[in-house]
Number of protein chains: 2
Amino acid sequence: MQSKYPAGRLPEPPNPIADDGDETRFCGTCAFSSACIAAGYDKPELAELQCLVEHVGPFRAGEHIFRTGDPFRAIYAVRGGTVKTRMVDKEGREQVLGFYLPGEVIGLNAIYPEHFPCDAVALDTAFFCRFSFPAMSALASRVPAVQKHLFRMLSKELGTASLLAGDHSADERVAAFLMDLAGRYAARGFSPTRFHLSMSRGDIANYLRLAAETVSRVLSRFRAQKLIGIEGRELELLDPVRLRAIGQALLPD
Amino acid sequence: MQSKYPAGRLPEPPNPIADDGDETRFCGTCAFSSACIAAGYDKPELAELQCLVEHVGPFRAGEHIFRTGDPFRAIYAVRGGTVKTRMVDKEGREQVLGFYLPGEVIGLNAIYPEHFPCDAVALDTAFFCRFSFPAMSALASRVPAVQKHLFRMLSKELGTASLLAGDHSADERVAAFLMDLAGRYAARGFSPTRFHLSMSRGDIANYLRLAAETVSRVLSRFRAQKLIGIEGRELELLDPVRLRAIGQALLPD
DNA sequence: CGCGGGGCTTGATCGGGATCAAGGCGGCGC
DNA sequence: GCGCCGCCTTGATCCCGATCAAGCCCCGCG
């Protein structure tokens with residue numbers, strides 16, 4: 001659990017931050033940025049966007065952003081930190097649905113049921129932009145770019161959901177998982193070859209439908225084969241080309 | 001491949017049907033019915049809806065409604081028949097993504113990439129309502145009910161995509177598959193306890209990430225246990241309560 | 001009519017990954 | 001400091017479902 005805070009200093013409990021004085025900077029990596037820019041920082045729509053967005057956080061590792069069954073009122077864009085979504089069945093078994101990095105959006109799967117169908121749990125200290133969904137829908141009716149953006153985000157997530165579907169070997173899954181993360185970090189301007197895994201081996205395993213021991217073994221083998229460097233949760237991709245080849249059946253293109 | 005047509009008589013090649021004189025009847029089972037009704041059959045919006053919808057079909061078993069890579073211009077509501085969507089990787093291995101029954105909609109996962117990411121193949125003789133997506137988006141901007149309906153359909157499909165994700169036994173998967181189909185037939189007004197499986201054992205197995213032999217064995221065992229009656233592709237659910245219990249980990253609620 | 005092919009079923013064997021088990025490492029509280 | 005606990009790694013064994021194999025049924029076709 002790395003923290004961006006000095007050791008011992010606990011961050012504030014989660015609550016809206018009316019204005020952190022830094023919209024433009026973090027918005028550059030945000031999934032909504034193009035919608036926000038389309039709405040126009042210099043146009044009247046900006047005022048409306050400001051009304052419907054709230055900055056919330058920080059949440060610390062293990063804290064819930066929302067819980068299964070909570071009424072759906074808003075979607076959340078990750079501003080910083082990492083989140084996992086998960087379902088817990090009635091026998092208490094956890095099922096990890098996805099990991100979300102800065103700039104990505106959680107809560108879209110709650111629109112239809114009108115209640116969150118899963119938990120969202122912070123994996124490290126995390127911050128969010130909270131968008132009231134009724135307000136967002138109303139805005140989308142008036143601003144086609146916002147509507148288009150929502151459609152695209154929903155459709156995009158449909159595509160990623162079907163990635164996990166296939167029956168593939170543990171090697172393929174792990175390689176594809178690492179390359180997927182790398183691509184998503186790259187898309188947000190982070191290094192695609194060196195990054196920190198915010199999630200435990202157990203979470204990775206659960207997400208990939210493997211046992212934690214299997215993930216551990218595969219990572220060890222990849223290290224022995226000089227495909228990656230890994231120490232704890234610090235990862236370096238040493239041979240992205242070969243990794244991509246291993247995971248290709250699960251990766252786009 | 002059973003056909004609804006007299007043997008030997010080939011149906012017309014797929015093409016738009018301007019008016020089959022029966023909108024109200026088939027629209028009752030259509031996924032868009034609430035949106036259509038909201039738009040109002042007695043209001044000016046009806047005219048716009050009529051402009052953006054085309055009736056296409058019939059497609060015969062094995063024919064493609066769209067193919068991977070086709071430019072995305074429209075979504076399709078199934079009016080009659082059954083469809084599978086599938087991806088084919090570069091080694092030629094097929095991956096079945098889903099089955100679609102009358103009243104359900106295909107093509108939503110193409111919005112983001114702007115090209116269809118999968119094939120849609122008719123499993124029996126099938127008909128569709130084809131909705132131009134640009135026109136649909138424009139209409140959604142003016143008619144909130146249409147926009148809401150699109151959001152809900154997208155979100156709903158997100159939920160079903162995560163159903164397959166878990167690592168579950170063959171029994172659980174097959175039981176959940178049968179109960180899911182039953183529920184969807186029931187929602188459209190068909191019998192939930194007796195229906196025809198339009199897809200082969202191989203397709204079911206591929207969809208559930210099992211081998212065809214495994215599906216066959218599970219179905220035989222379910223029959224021996226008096227959970228189902230099955231002969232070829234004709235299915236009867238004899239003990240839905242127990243089936244639901246077996247598949248519960250994969251089923252909603 | 002015989003033939004061939006695809007879909008389905010059933011039996012036998014095999015293997016990848018789950019599970020069980022043990023031990024190491026590091027952080028934290030007392 | 002010490003002990004505890006969670007996370008991670010590595011080894012040994014087991015089991016479910018894949019794979020290989022054979023045969024059946026049905027149907028279309030020469």
Side-chain angles (χ1 to χ4, degrees), chain A residues 1-3 7-10 60-62 84 93-96 121 123-124 164 166-175 177 196-224 228-235 246 249, chain B residues 1-3 5-10 60-62 84 93-96 121 123-124 164 166-175 177 196-224 228-235 246 249:
Chain A
M1 318 277 175
Q2 100 291 18
S3 170
R9 273 293 292 118
L10 296 184
R60 280 169 298 159
K84 71 172 172 183
R93 286 175 306 205
E94 181 176 2
Q95 164 93 255
V96 174
V121 182
L123 294 175
D124 45 27
L164 265 292
D167 65 328
H168 296 282
S169 71
D171 283 20
E172 288 177 292
R173 284 172 195 273
V174 174
F177 173 73
H196 177 84
L197 298 171
S198 318
M199 65 296 288
S200 71
R201 302 288 192 273
D203 281 339
I204 296 172
N206 187 306
Y207 175 66
L208 297 177
R209 322 306 159 198
L210 298 169
E213 294 92 329
T214 303
V215 170
S216 190
R217 276 184 249 271
V218 172
L219 290 175
S220 297
R221 188 150 29 79
F222 281 0
R223 176 172 44 200
I228 62 173
I230 188 167
E231 191 180 330
R233 297 187 178 184
E234 294 305 322
L235 179 72
I246 294 172
Chain B
M1 310 290 174
Q2 97 296 12
S3 169
Y5 292 93
R9 272 291 294 118
L10 297 184
R60 279 168 299 159
K84 71 172 172 183
R93 286 174 307 205
E94 180 176 3
Q95 167 94 257
V96 174
V121 182
L123 293 176
D124 45 26
L164 267 292
D167 66 327
H168 297 282
S169 71
D171 283 20
E172 288 177 292
R173 284 173 195 273
V174 174
F177 173 72
H196 179 83
L197 298 171
S198 318
M199 65 295 287
S200 71
R201 303 287 192 273
D203 282 338
I204 297 172
N206 187 306
Y207 175 66
L208 297 177
R209 322 308 159 197
L210 298 169
E213 294 92 329
T214 302
V215 169
S216 190
R217 275 185 249 272
V218 173
L219 290 176
S220 296
R221 189 150 28 80
F222 281 0
R223 176 172 44 199
I228 61 173
I230 188 166
E231 190 180 330
R233 297 187 178 183
E234 293 306 320
L235 180 71
I246 294 171

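Quick note on labels: first sequence line is chain A, next is B, and so on, each numbered from 1. This one's a predicted model, so the numbers in the text were calculated from it and none came from an experiment. Scope of the values below: all heavy atoms of this structure, side chains included, with no hydrogens, waters or symmetry mates.
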Discussion item. Just so I know, are the side chains of Val174(A) and Leu210(A) near enough to count as touching, which here means a heavy-atom distance under 4.5 Å?
Written reply: yes
Worksheet item: Are any non-hydrogen side-chain atoms of Ser198(B) and Lys84(B) less than 4.5 angstrom apart?
Response: no
Worksheet item: Considering heavy-atom distances to DNA chain D, does Asp167(A) or Ser200(A) have its closest nucleotide positioned more toward the 5' end?
Response: Ser200(A)
Whole-Å gap separating [atom2] ([N]) and [atom1] ([X]):
{"X": "Ile204(B)", "N": "dT9(C)", "atom1": "CD1", "atom2": "C1'", "answer": "14 Å"}
{"X": "Leu235(A)", "N": "dC8(D)", "atom1": "CG", "atom2": "C1'", "answer": "15 Å"}
{"X": "Ile230(A)", "N": "dT10(D)", "atom1": "CD1", "atom2": "C1'", "answer": "16 Å"}
{"X": "Leu208(B)", "N": "dG17(D)", "atom1": "CG", "atom2": "C1'", "answer": "13 Å"}
{"X": "Met199(B)", "N": "dG7(C)", "atom1": "CE", "atom2": "C1'", "answer": "15 Å"}
{"X": "Arg233(B)", "N": "dG6(C)", "atom1": "CZ", "atom2": "P", "answer": "14 Å"}
{"X": "Arg221(B)", "N": "dG17(D)", "atom1": "CZ", "atom2": "C1'", "answer": "11 Å"}
{"X": "Arg201(A)", "N": "dG17(C)", "atom1": "CZ", "atom2": "C1'", "answer": "18 Å"}

Discussion item. Going by salt bridge (charged side-chain N to carboxylate O under 4.0 Å, His left out), name the residues that satisfy it together with Glu234(B), two or more places apart in sequence or in a different chain.
Written reply: none
Worksheet item: In residues 209-220 of chain B, which ones come under 4.0 Å of DNA chain C, going by heavy atoms?
Response: Glu213(B), Ser216(B), Arg217(B), Ser220(B)
Discussion item. I need the full list of side-chain hydrogen bond (donor to acceptor under 3.5 Å, both in side chains) pairs touching residues 206-220 of chain A, with sequence neighbours left out, sorted by first then second residue.
Written reply: Gln95(A)-Arg209(A)
Worksheet item: Gly202(B) or Asp171(A): which one's nearest nucleotide on DNA chain C is closer to the 5' end?
Response: Gly202(B)
Discussion item. Quick check: closest heavy atoms across Ala175(A) and Ile246(A), and the distance to 0.1 Å?
Written reply: CB-CG2, 3.7 Å
Collect all protein-nucleotide pairs involving nucleotides 23-29 of chain D in which both atoms are nitrogen or oxygen and the distance is under 3.5 Å.
none

Worksheet entry | With sequence neighbours excluded, residues passing side-chain hydrogen bond (donor to acceptor under 3.5 Å, both in side chains) with Arg221(A) | Asp171(A)
Discussion item. Between Leu235(A) and His196(A), does the side chain to side chain contact (heavy atoms under 4.5 Å, CB included) criterion hold? Intermediate values first, please.
Written reply: CA-CA 6 Å; Leu235(A) 179 72; His196(A) 177 84; over 6 Å; no
Worksheet item: Do any N or O atoms from the side chain of Arg201(B) and from the backbone of Val215(B) form a donor-acceptor pair under 3.5 angstrom?
Response: no
Worksheet item: Quick check: does any side chain N or O of Arg223(A) sit under 3.5 Å from a backbone N or O of Gly229(A), one acting as donor and the other as acceptor?
Response: no
